[in-house]
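No hydrogens, no waters, no symmetry mates; every other heavy atom, side chains included, goes into these values. We number each residue from 1, following the sequence as shown.
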Amino acid sequence: MPMYFRKKILLAKIEATYGTDPTPTGGANAILASEISIQPMQGADADRGHDTPYLGANATIPFDLHQVISFKVELEPSGTAGTAPAWGPLLRACGCAETITPGTDVVYNPISDAFESVTLYLHIDGHLFTLTGARGNCDVTVNASGIPVLEFTFTGLWTKPAAGTLPTPDFSAWQKPRIASNTATPLFTIGGEDMVMRSFKLGLGNQVEGRFLVGAEEIVIVDRSDMIECQVEAVALSTLDPWALAQDQTAVAVALTHGTGAGRIAALSAPTCQVQRPGNPTEAQGIMEWPLNLVPLPGSGNDQWTLTLT
């Protein structure tokens, strides 16, 4: 009997103790994801290198085993101001703090220590892939005429895949998304100037590495290099001159708001961004556009950007 690759269920739950499986369930921890991809046995192979009186391959030993999973979820708040979204545990496991003010907002910002971790279960029609101690990276992507998404890549400790029964997922905490548009995405500014935006991506830029030593195995976030990439409609240089900003190393603020109505608003703020050397001007529908890269810089630390849900 064939097994269907289409039949997938992803679960995720924050770990109380690093690497200890908290047993996520379909009823409480289901992730409504798309484009799920799993690399279930990453690592290396040690060649035993025996000298023999005949030609032929040597046996090998797999080591430093780990797993990598990538997927997308829709960037949509919980629907209730001050209630964390269902994707909150994923962002927390990417080196972000989650601060909840009940009835008001939920704020995410980068942190530099005390990183949380998550256990991920991926069910694929009879197969269960379990990633414990997982930490990852995320891109926040908002493109015109597209569904805003969070694109995750997690690295987790290796567990031998096992037979599993598909759980019954509860996706009720996941809200229907809205297409990024002039109406649904009411604000995008660079340096306080309203810009016409085609595409936007904030990459957290986490450097995620496996640390496989005698006495300890852990997936660690060792560094971060945030980057904003966007393509905008060109404006008069008297309004915004990206070449002058790059040459003078002038910092500008970037702000993006998607969504309207209480419990449905996601506002990204990067108050101090250094403009990198702009790419070559391009055109779409005969209109000149600029590809811009901006580096969100920390002020007092862990404040280079915030994502606020209200």
Side-chain angles (χ1 to χ4, degrees), residues 10 12 31-39 67-77 85-98 106-112 115-118 120 131 134-156 174 177-180 184-185 188 190 195 197-209 219 221-232 254-259 266-270 273-276 279 291-298 302-309:
L10 180 63
I31 302 297
L32 188 58
S34 61
E35 299 184 33
I36 302 172
S37 175
I38 181 76
Q39 300 174 59
Q67 303 179 73
V68 178
I69 187 171
S70 61
F71 53 90
K72 298 179 181 180
V73 303
E74 295 157 345
L75 173 58
E76 186 67 27
W87 44 262
L90 302 173
L91 206 53
R92 288 165 60 186
C94 290
C96 296
E98 178 185 77
V106 181
V107 180
Y108 296 93
N109 63 273
I111 55 177
S112 297
F115 299 118
E116 294 186 277
S117 58
V118 72
L120 296 156
L131 293 77
R135 293 184 172 120
N137 195 21
C138 178
D139 292 338
V140 182
T141 302
V142 181
N143 294 335
S145 301
I147 298 173
V149 294
L150 300 165
E151 302 182 48
F152 290 101
T153 299
F154 282 98
T155 302
W174 297 82
R178 285 158 294 180
I179 296 292
T185 314
F188 180 68
I190 298 177
M195 304 296 291
M197 180 266 287
R198 174 178 297 278
S199 62
F200 174 93
K201 180 173 74 174
L202 167 65
L204 271 57
N206 291 340
Q207 184 178 340
V208 181
E209 298 183 0
I219 307 302
I221 298 174
V222 300
D223 206 351
R224 174 184 292 117
S225 182
D226 319 74
M227 176 66 77
I228 291 173
E229 302 174 37
C230 60
Q231 184 154 324
V232 301
V254 174
L256 169 66
T257 299
H258 176 69
L268 182 65
S269 173
C273 295
Q274 182 177 356
V275 180
Q276 302 290 281
L292 301 177
N293 290 347
L294 305 98
V295 179
L297 298 175
N302 302 319
D303 55 358
Q304 56 264 45
W305 59 265
T306 56
L307 176 61
T308 302
L309 311 180

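- A donor-acceptor pair under 3.5 Å is absent between the side-chain atoms of Trp174 and the main chain of Trp87, judged by distance alone.
- Arg198 contributes atom CZ, which lies 12.5 Å from atom SG of Cys230 (distance to the nearest 0.5 angstrom).
- Side-chain atoms of Gln304 and Asp226 form a donor-acceptor pair, as typed in the model, at a separation below 3.5 Å.
- Between the CG atom of Leu90 and the CD atom of Glu116 there is a distance of 11.5 Å, given to the nearest 0.5 Å.
- Nearest heavy atoms, Ala86 versus Ile31: O-CD1, 4.1 Å.
- Checking Asn302 against Ser112 by side-chain atom types alone, a donor-acceptor pair falls below 3.5 Å.
- In plain terms, the two heavy atoms of Pro148 and Ala180 that are nearest each other are CD-N, 4.1 Å.
- Two residues are said to be in side-chain contact when any heavy atoms from C-beta on lie closer than 4.5 Å; Ile147 and Ile179 meet this criterion.
- At a threshold of 4.5 Å between non-hydrogen side-chain atoms, the residues Pro298 and Asp303 count as touching.
- The one candidate from Thr185, Leu256, Val232, Thr141 that meets the side chain to side chain contact (heavy atoms under 4.5 Å, CB included) condition with Phe200 is Leu256.
- Annotation: the span from Asn293 atom CG to Gln231 atom CD amounts to 11.0 Å, rounded to 0.5 Å.
- Between the side chain of His258 and the backbone N or O of Arg178 there is at least one donor-acceptor pair closer than 3.5 Å.
- For the atom pair CZ of Phe115 and CD1 of Ile219, the computed distance is 14.0 Å after rounding to the nearest 0.5 Å.
- Checked options Trp305, Phe188, Tyr108; the residue passing with Leu268 is Trp305 (criterion: side chain to side chain contact (heavy atoms under 4.5 Å, CB included)).
- Looking at Leu131 and Ile69, their side chains come closer than 4.5 Å, going by heavy atoms from C-beta outward.
- Contact annotation: the side chain of Asn206 never approaches that of Cys138 to less than 4.5 Å [non-hydrogen atoms, C-beta and beyond].
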In sequence, state the C-alpha distance, the side-chain angles, and the governing distance for Gln207 and Arg224, and then conclude on side chain to side chain contact (heavy atoms under 4.5 Å, CB included). CA-CA 6 Å; Gln207 184 178 340; Arg224 174 184 292 117; over 6 Å; no
Working for side chain to side chain contact (heavy atoms under 4.5 Å, CB included), residues Val107 and Leu307: CA-CA 6 Å; Val107 180; Leu307 176 61; over 6 Å; no
Side chain to side chain contact (heavy atoms under 4.5 Å, CB included), that's the test. Do Leu10 and Ile36 meet it? Break it down for me. CA-CA 9 Å; Leu10 180 63; Ile36 302 172; 4.2 Å; yes
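- Between the SG atom of Cys273 and the CD1 atom of Ile190 there is a distance of 8.5 Å, given to the nearest 0.5 Å.
- Under the side-chain contact (heavy atoms from CB on, under 4.5 Å) criterion, Ser225 pairs with no residue, sequence neighbours left out.
- Put simply, the side chain of Thr308 does not reach to within 4.5 Å of the side chain of Ser269, judged on heavy atoms.
- Contact check for Ile228 versus Leu202: side-chain heavy atoms found under the 4.5 Å cut-off.
- Leu204 has its side chain within reach of Cys96: a pair of non-hydrogen atoms, C-beta onward, lies under 4.5 Å apart.
- Among all heavy-atom pairs drawn from Pro177 and Glu76, the shortest one is CA-OE1, 3.5 Å.
- When the ring-ring contact (aromatic ring centres under 6.0 Å, His included) test is applied to Phe152, the partners found at least two apart in sequence or on another chain are Phe71, Phe154.
- The CD1 atom of Ile221 lies 7.5 Å from the CD1 atom of Ile111; values are rounded to the nearest 0.5 Å.
- Residues Pro77 and Pro85 have side chains not in contact (no heavy-atom distance under 4.5 Å, counting atoms from C-beta outward).
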Dump the intermediate steps for side chain to side chain contact (heavy atoms under 4.5 Å, CB included) on Val140 and Leu75, then the final yes or no. CA-CA 8 Å; Val140 182; Leu75 173 58; 3.9 Å; yes
